[in-house]
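Everything below concerns the one structure shown next.
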Amino acid sequence: STLMRSSAASDVYKRQEENQFIQNMNDIIMRKFICLFMVCFLSIATTLRAWEGNVLISTPNTSIILSATEGQQLRFSYFGERIEENQIHQVFDSWAGFHRPAYPVFGTSTYEISALHAVHADGNQTLDLVVDKVEQNPVKDAILTVITMKDRVYPFTVKMYYKAYQQIDMIETWVEVSHNEKKAVVLKRFDSGHFLIRRADVWISSLHGHWGAETQLESEPLVSGMKVIKNMDGIRNGLGDHSEVMFSLDGKPQENSGRVIGAALCWSGRTKIRVDMDDTFGRSVHSIFAGMNEEASEYKLEPEEVFTTPVLALTYSQEGIGGASRNFHRWARAGMVHGCDKPRDILLNSWEGVYLNIKEPEMDQMMNDIASMGGELFVMDDGWFGRKYRRINDNSSLGDWVVDTEKLPNGIQGLTDTAKKYGIKFGIWIEPEFTNTKSELIDNHPDWVLRAGSRELSCGRGGTQVALDLCNPKVQDFVFHVVDTLLANYPDIAYIKWDANGELLNYGSSYLPKDKQSHIYIDYHRGLVRVMERIRAKYPDVVIQACGSGGGRVSYGVMPYFDEFWVSDNTDALQRLFIQWGTSYFYPSIAMAQHVSASPNHQTGRVVPLKFRFDVAITGRLGMEIQPKNMTDEEKDFSKKAIATYKSIRPVIQYGDLYRLISPYDRKGVTSMMYATEDKSRAVFFVYKMEQFVNQLLPRIRMAGLDPKKNYKIRELNVAPGANPCFLNDRVFSGALLMNTGIELQLEREYASWVLELTEI
Ligand code: GLA
């Protein structure tokens with residue numbers, strides 16, 4: 001009988017839906033003539049209380065259509081190719097419109113999964129939101145649409161934001177929740193956004209990874225049931241499941257063709273993306289929800305308090321996965337990654353060279369070496385600090401950010417002076433969100449760490465590492481002052497490597513009240529953002545790298561404050577091809593720290609030629625992670641030339657459009673990609689031989705991103721010592737030939753590679 005009741009209820013609901021749909025279709029037809037007028041009026045009058053109809057949210061090539069009728073539920077109708085105002089009716093006439101709840105809330109249709117679930121002060125678990133007003137206003141580089149929705153019964157408000165960039169195909173959406181009830185309301189689920197994709201041969205591509213094997217790409221067709229992509233680390237959400245996904249709408253993902261929707265949830269904490277196949281109303285859809293992970297995170301929202309969700313960034317491209325990636329890259333360089341207006345320096349990082357054995361003479365020698373190879377910056381990694389507890393191994397001293405004068409008798413000033421002497425900049429490593437149980441910090445402030453009441457501390461790295469309680473404003477002050485003190489005392493510090501080598505292990509904050517302990521996963525990251533905002537307000541020009549045990553902080557939640565990220569602790573060039581490939585789906589080359597390291601590689605033992613190591617590293621922000629003292633003169637000489645070459649192509653790499661050509665995941669024996677400038681006058685092409693088999697059939701590679709009508713001269717860069725340039729060197733080809741017929745490869749060794757520069761003639 002329960003079944004019968006629910007199926008009867010579903011029939012009633014279905015009929016209501018159909019009636020609603022027909023009514024709305026009629027409304028649309030009646031209104032299509034006045035629609036244009038309304039939209040024009042909207043752009044003049046910013047707020048229209050009694051506005052009814054369709055809200056068109058557009059970027060240069062993309063549109064979202066919402067149906068917003070005052071007093072009714074907000075509806076999501078369309079997301080795809082750009083629609084003009086006078087074409088809106090075509091979406092509905094062709095039945096392309098979804099007309100389903102834009103932000104499903106628990107209560108209005110309790111059997112649908114919801115984006116928002118709130119428990120009111122009186123215990124009522126339901127919401128029923130209707131449109132109150134729609135505002136559309138120009139803001140910097142974008143048009144901001146704000147739709148205010150109110151509960152029919154409770155003084156409970158949700159504002160949905162859609163920020164549509166006018167030069168870039170990106171729409172950011174987020175939500176603000178507030179209320180004016182007598183007591184707190186408990187938020188049990190709070191997604192940033194929701195959208196729909198028609199059910200078809202839709203594929204999802206997502207990134208998953210762990211230490212040393214980050215951003216592994218996985219693609220699979222969407223089937224019925226729910227797919228959940230979640231992150232549980234608490235601090236490093238670049239490990240585990242990433243909160244960025246792509247949907248290929250026309251079958252198996254293709255790099256340069258097919259319709260693709262890309263979504264990135266910009267939050268550094270725990271996240272959850274749910275993809276649900278839903279045919280409740282007879283028309284099958286994939287229903288996508290993305291937000292902060294609600295598990296162990298219910299949020300007690302006080303009256304008047306505003307709960308703002310993170311941004312969910314949405315893009316659409318008809319140029320395949322590659323087109324969606326390029327949209328993400330443009331958007332990142334326009335502000336979502338800090339400081340992209342400045343090209344990035346070539347650096348040497350001390351970690352794999354000396355690990356924790358920081359000593360002044362070695363620092364001097366490394367600075368001298370990188371300067372003489374043409375590098376521009378030296379970064380002193382972990383191991384330079386600790387007074388009472390010296391940082392001899394990784395089980396002590398985090399939090400005690402004072403120089404170990406036994407290792408560095410002349411302190412940081414001595415180091416910045418040396419860097420100056422060699423004509424390079426100086427950078428330093430810190431891990432300010434963490435401490436060790438062996439540290440002066442914890443001796444003095446035992447209550448500053450996250451701790452589950454009287455339970456023994458669970459410790460991470462070195463058996464002693466614990467996270468500070470960033471929910472606590474005093475701890476936020478402390479972290480700010482770690483950076484502020486360093487930068488104020490040593491203004492020559494140009495770069496900070498900000499590390500985070502642990503998960504959130506101890507679930508308890510002595511700062512948060514008893515009834516708000518479940519805010520920890522959220523308030524930690526809000527605290528971090530607060531600190532970063534203070535740092536950026538005072539130090540906008542210092543380059544800051546986000547590192548989290550390698551790629552653990554590859555997250556748009558933090559990138560607005562960081563200039564770059566460490567892609568992975570795995571510096572093996574072969575594995576980096578896979579890791580960098582996945583990362584490039586969403587993140588731009590300018591932000592990807594890629595370092596040439598020693599051979600045999602310290603993580604894998606693989607022996608790889610220096611040329612291959614350089615050719616893999618130069619597709620991002622080039623650096624070295626090696627003890628130059630151990631390199632031969634020939635290697636130093638090759639490095640010097642490769643660094644000079646990188647400088648000559650740096651603008652193409654760091655600001656160009658990326659075209660991925662052959663994926664390492666396809667196991668075709670080679671990986672290939674290229675960058676082209678926006679005006680298509682210059683490009684740099686890369687191909688890497690991943691394995692060698694006799695009589696191996698290699699693909700002919702068709703380039704992309706060139707102008708078919710232009711002619712390009714090819715020059716091989718980084719030619720291996722003693723080798724002749726490849727047969728393509730110095731020849732001229734049309735863009736059409738390079739893209740349609742493609743080039744043949746002659747790579748007859750494992751770890752052979754080509755870097756070809758293409759210049760319009
Ligand atoms: C992490 C980072 C490394 C290095 C070490 C230092 O593992 O990813 O690059 O900085 O910490 O302890």
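In what follows, residues are counted from 1 in the order of the sequence shown. Every value quoted in this text rests on a predicted model; they were computed, and no experiment measured them. Note that ligands are numbered from 1 as they come in the structure, with each ligand's atoms numbered from 1 the same way.
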Looking only at side-chain N and O atoms, does N570 offer a donor or acceptor that is under 3.5 Å from a partner on Q575? yes

Minimal heavy-atom distance between K611 and L717, with the atoms involved, is NZ-O, 4.1 Å

Heavy-atom closest contact (G656 atom, Y675 atom, distance): O-CD2, 4.2 Å

What orientation do Y355 and W351 show, parallel under 30°, tilted 30 to 60°, or perpendicular over 60°? perpendicular

Ion pair present between K629 and D369, side-chain N to carboxylate O less than 4.0 angstrom? no

Residue set satisfying side chain to side chain donor-acceptor pair (under 3.5 Å) with D499, at least two apart, ordered chain then number -> W429, N501

List the protein residues in contact with ligand 1, where contact means a heavy-atom separation under 4.0 angstrom. W351, D381, D382, W429, R461, K497, D499, N501, C547, S549, G550, W566, D569

